[in-house]
Amino acid sequence: PPRSTLFPYTTLFRSVFISVCYGADEGGLNIVPLPRFTCNPYEVDPNEPAPTNVNQLAPHNIDVVMSMGDSMTAAFAATAGKLLSVPIIPREDRYLSYTSGGGSLQYTINNFLSLYNHNIEGSSSGQTLPLDGLEVFGHHIEPIMTGVVGLNAALSGAKIQDIPQEIDFLVQQLQTTYKDTIDFENSWKVATLLIGANNLCVACNNNTSDFPETYGSMLNQSIAQLESSIPRVRLNLLPMFNITQVYYWSRANTYCTKIWNLFDECPCLSGRDSTEQDRQIVNEYAVKYRQQIDEVAAYWRSEEHTSELQS
């Protein structure tokens, strides 16, 4: 794979792990053999000069994986069963998180990058209680089990307004828990940010705190804070998807419908008084959020900045 790209493993894993299944007969599925893997071995020149900016990075240059976001990035209830099944209180299965998850054989950014750098730091190794979903004086309770959390700063229930708190948590972790294993100034770090679902969930209330313009402004401020607080970061800024599709998928399952209605998790989608007009507003805001992300990303891609966005 080309080493000029930060993540050349996309094609690799697609070809290695995906097989095509045809119609099943009584004996089971017929599995087509995997195609031959023909990529050249990934080799690192021992005399290679160290990268000085994000555009020179290759996978083996990444020493640290960090994450920011909400319950999706915290992997809340990823292994939960049905209501009242054990555990009664769903956990944040951070070891399964698509970004910083360090669970064995899991498809995560951390595990992919660890193939190129076996000493990568920041992964999450277990489960946490969703206490961070609670707020005290306007601030979320930060994860307590810092050794388990690693550098996954995601807070269940977080909005765009909570990202500055998550960045502060990353700085604290880097300078305390990881002070002996990470070179704060010189280690290259990759951070992933996915945020906005909880803002969209109340978009129909027409509060200025959830306006697309507010979202874009807060996102820009957060990236500026990240760049000024943590050196040598490549930021993967993920676009906010349309969450109404999740609502409609839940309607196809009786159990999921009951759970959504019971907990009223997303008021503008499944609230008792929510309407199709409310859901349409969420749709429109999701589109505008992505437009804001594109505009912010375009600004931060300029050569004058030390961070790079991948959106």
Side-chain angles (χ1 to χ4, degrees), residues 6-7 54 57 62-76 92 94 96-101 108-110 112-113 120-124 132-133 140 142-143 149-174 188-201 209-210 212-243 285-286 288-302 305-311:
L6 178 59
F7 300 119
V54 291
L57 290 178
I62 301 299
D63 301 308
V64 184
V65 173
M66 308 186 298
S67 306
M68 296 165 284
D70 52 31
S71 59
M72 289 184 285
T73 302
F76 174 73
E92 293 168 332
R94 292 178 185 260
L96 297 177
S97 173
Y98 67 96
T99 53
S100 295
T108 69
I109 291 177
N110 174 81
F112 289 158
L113 287 175
I120 200 163
E121 296 278 357
S123 68
S124 300
D132 48 286
H140 285 260
E142 293 185 347
V149 170
L151 293 172
N152 183 348
L155 300 168
S156 290
K159 295 182 177 181
I160 184 64
Q161 287 81 3
D162 298 305
I163 297 304
Q165 180 182 348
E166 296 188 17
I167 295 172
D168 289 340
F169 175 80
L170 290 176
V171 173
Q172 179 183 2
Q173 281 283 80
L174 287 167
W188 280 104
K189 312 160 190 74
V190 61
T192 301
L193 171 59
L194 173 63
I195 195 68
N198 291 305
N199 293 88
L200 289 176
C201 276
S209 58
D210 305 305
E213 296 78 13
T214 304
Y215 177 88
S217 175
M218 289 298 303
L219 179 62
N220 189 63
Q221 293 177 40
S222 296
I223 296 173
Q225 177 187 350
L226 179 68
E227 186 188 46
S228 64
S229 302
I230 306 176
R232 295 202 165 189
V233 176
R234 176 179 177 116
L235 176 61
N236 293 323
L237 180 57
L238 304 184
M240 191 63 241
F241 61 91
N242 190 341
I243 63 174
Y285 269 52
K288 293 178 180 178
Y289 277 20
R290 288 193 291 274
Q291 292 173 345
Q292 290 290 328
I293 290 173
D294 288 342
E295 292 177 10
V296 171
Y299 169 75
W300 284 95
R301 282 194 184 102
S302 64
H305 300 293
T306 58
S307 296
E308 172 73 6
L309 276 71
Q310 181 173 296
S311 60

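Side-chain atoms are counted along with the backbone in the values below, which use heavy atoms only and exclude waters and symmetry mates. Model, not experiment: these values are computed from the prediction.
- Rounded to the nearest 0.5 angstrom, Q221 CD and L226 CG are separated by 14.0 Å.
- M240 is not listed as a side-chain neighbour of I195, based on a closest heavy-atom distance of 4.5 Å or more.
- The line from CD1 of I167 to CD of Q172 is 14.0 Å long, rounded to the nearest 0.5 Å.
- Proximity of D168 to Q225: side-chain heavy atoms (C-beta onward) are separated by under 4.5 Å at one or more points.
- Rounding to the nearest 0.5 angstrom, the gap separating the CD1 atom in I120 from the CD1 atom in I62 is 7.0 Å.
- A pairwise comparison of heavy atoms in S229 and P231 identifies O-CD, 4.0 Å as the closest pair.
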task: Report the C-alpha distance between S97 and S124 in whole Å, list the side-chain angles of each, state the deciding distance to 0.1 Å, and finish with yes or no for side-chain contact (heavy atoms from CB on, under 4.5 Å).
output: CA-CA 8 Å; S97 173; S124 300; 5.8 Å; no
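- Shortest non-hydrogen contact noted between A74 and N152 is CA-ND2, 4.2 Å.
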- prompt: Could you walk me through whether W300 and E227 pass the side-chain contact (heavy atoms from CB on, under 4.5 Å) check?
  reply: CA-CA 10 Å; W300 284 95; E227 186 188 46; 3.2 Å; yes
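- By the 4.5 Å heavy-atom criterion applied to side chains, L151 and K189 are not counted as neighbours.
- How far CG of D63 is from CH2 of W188: 10.5 Å, rounded to the nearest 0.5 Å.
- Between E166 and A158, the shortest heavy-atom contact is OE2-CB, 3.6 Å.
- Checked by atom type, the side-chain pair Q292/N220 shows no donor-acceptor distance below 3.5 Å.
- Residues that satisfy the side chain to side chain donor-acceptor pair (under 3.5 Å) test with D70, not counting sequence neighbours, are absent from this structure.
- In this structure, Q165 and L155 have side chains that are in contact, with non-hydrogen atoms separated by less than 4.5 Å.
- Judged purely by atom type and a 3.5 angstrom limit, R94 uses its side chain to pair as donor or acceptor with the backbone of A154.
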message: Assess the residue pair T108 and F112 against the criterion (side-chain contact (heavy atoms from CB on, under 4.5 Å)); give the C-alpha distance rounded to whole Å, side-chain angles, the decisive distance to 0.1 Å, and a yes or no.
response: CA-CA 6 Å; T108 69; F112 289 158; over 6 Å; no
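- At least one side-chain heavy atom of V65 sits less than 4.5 Å from a side-chain heavy atom of L113.
- Smallest separation of non-hydrogen atoms from M68 and I163: SD-CG2, 4.3 Å.
- Nearest heavy atoms, R234 versus V54: NH1-O, 4.0 Å.
- For the residue pair E213/S217, the side-chain donor-acceptor check at 3.5 Å is not satisfied.
- A donor-acceptor pair under 3.5 Å links the side-chain atoms of S222 to the main chain of M218, judged by distance alone.
- Side-chain contact check for M66 versus V233: some heavy-atom pair is nearer than 4.5 Å.
- Taking CD from Q161 and NE2 from H140, the interatomic distance works out to 9.5 Å, rounded to the nearest 0.5 Å.
- Using a 4.5 Å heavy-atom cutoff, the side chains of N110 and Y98 are not in contact.
- Nearest heavy atom pair, residue C201 against residue I243, reads SG-CD1, 3.8 Å.
- Between S156 and E92, the side chains place a donor N or O and an acceptor N or O closer than 3.5 Å (distance only, hydrogens not considered).
- Considering CD1 of I160 and CG of L219, their distance stands at 5.0 Å, rounded to 0.5 Å.
- Between the side chains of T192 and T99, no donor-acceptor pair is found at a separation under 3.5 Å.
- Using a 4.5 Å heavy-atom cutoff, the side chains of I223 and Y299 are not in contact.
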